[in-house]
Amino acid sequence: MRQHTFPMFFSLKQFYGDFLRCGLFGWCMEILFTAFHAFRRRDLRLKGTTSIWMFPIYGCAAFLKPIFILLRKTSFLFRGLTYMSLIFSAEYISGRLLERYRLCPWDYSHSRYHIRRVIRLDYAPFWFAIGLVFEHLLMHTQLQDETPQISSRFHAKSH
């Protein structure tokens, strides 16, 4: 009896791994980003900050894996713009939800490019690039996870 295999993004174990990887990557990225802002202010202590709430928000990038797979053959410009739009949407929704409970760790009201204090449009290039980085992070692990399956199928057919 032949077992049916589902694509890796349907594997719960793989999703948890992707969620953890994205959450940790996002946290590290945010700490570096905020430390860079300290450097720009000439604060050489380079304190980077984040919030515990940011881990699940960044972890939710794992939900984008099926979109990464669908768009993998399109241009990087189209993919980057799509990811940027999705990240802005997630940032807006999570920011407004956290704001409702006075838990939102960011406030962009000091920027003239903010939307309701939870989105900064001048961060568009950053989100464009980060979407492509998340794509690379998740698709790289996708390819690594599929390699043994492909290899074992090849060896099974050759014997």
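Here the structure is a predicted model, which means the values were calculated and not measured. Numbers here simply count residues along the sequence, with the first being 1.
- Residues F25 and R21 are not in side-chain contact: their nearest non-hydrogen atoms beyond the backbone lie 4.5 Å or more apart.
- To the nearest 0.5 Å, the span separating CZ on R79 from CD1 on I67 amounts to 13.5 Å.
- Distance CD1/I119 to OG/S111: 11.5 Å, rounded to 0.5 Å.
- Residues L44 and F33 do not share a hydrophobic cluster, clusters being chains of Ile/Leu/Val/Met/Phe/Trp/Tyr side chains in contact below 4.5 Å.
- Under a cut-off of 6.0 angstrom, the local environment of OH in Y113 is sparse, with at most 12 non-hydrogen atoms contributed by other residues, nucleotides or ligands.
- In this structure, W106 contributes its side chain and V118 its backbone to a donor-acceptor pair below 3.5 Å.
- Contact between H37 and Y123 at its shortest, heavy atoms only, is NE2-OH, 4.0 Å.
- Ring-plane geometry between F128 and F76 is classed as perpendicular, the angle between the planes exceeding 60 degrees on a 0 to 90 degree scale with a lower cut at 30.
- To the nearest 0.5 angstrom, L132 atom CG is 12.5 Å from L137 atom CG.
- Here salt bridge (charged side-chain N to carboxylate O under 4.0 Å, His left out) pairs that include residues 42-58, with residues two or more places apart or in two chains, are D43-R45.
- The aromatic rings of F15 and F19 sit tilted, their planes meeting at an angle between 30° and 60°.
- For the pair T74 and T82, the minimum side-chain heavy-atom distance is 4.5 Å or more.
- No continuous path of ILVMFWY side-chain contacts below 4.5 Å connects L20 to I31, so the two sit in separate hydrophobic clusters.
- Smallest separation of non-hydrogen atoms from C22 and A62: SG-N, 3.9 Å.
- Side-chain contact between I130 and M84 is absent, with no heavy atoms from C-beta onward closer than 4.5 Å.
- Here W27 contributes atom CH2 and I52 contributes atom CD1; the two are 4.0 Å apart, rounded to the nearest 0.5 Å.
- Residues K65 and L138 share a closest heavy-atom pair of CE-O, 3.7 Å.
- Under a 3.5 Å cut-off, the side chain of R100 and the backbone N or O of L97 do not form any donor-acceptor pair.
- Note: the hydrophobic cluster containing M29 does not contain F36 (ILVMFWY, side chain heavy atoms under 4.5 Å, direct or indirect links).
- Rounding to the nearest 0.5 Å gives a distance of 8.0 Å between CG of L32 and OG1 of T34.
- With contacts defined as side-chain heavy-atom distances shorter than 4.5 Å, the pair L121/W127 does not qualify.
- Between E30 and S51 the shortest heavy-atom distance is OE2-N, 4.4 Å.
- With hydrophobic clusters built from ILVMFWY side chains whose heavy atoms lie under 4.5 angstrom apart, L70 does not share a cluster with M139.
- Shown here is R116, whose CZ atom has no more than 12 heavy atoms of other residues, nucleotides or ligands within 6.0 Å.
- Looking at heavy atoms from C-beta onward, F126 lies out of side-chain contact with R120 at the 4.5 angstrom threshold.
- Atom OH of Y83 and atom CG of L64 lie 8.0 Å apart (nearest 0.5 Å).
- No chain of hydrophobic side-chain contacts below 4.5 Å, direct or via other Ile, Leu, Val, Met, Phe, Trp or Tyr residues, connects I93 to W53.
- P105 approaches M54 most closely through the heavy-atom pair CG-SD, 3.8 Å.
- When all heavy atoms are compared, the tightest approach of F55 to L24 is CE1-N, 3.5 Å.
- A ring-centre distance under 6.0 Å is not found for F134 and F68.
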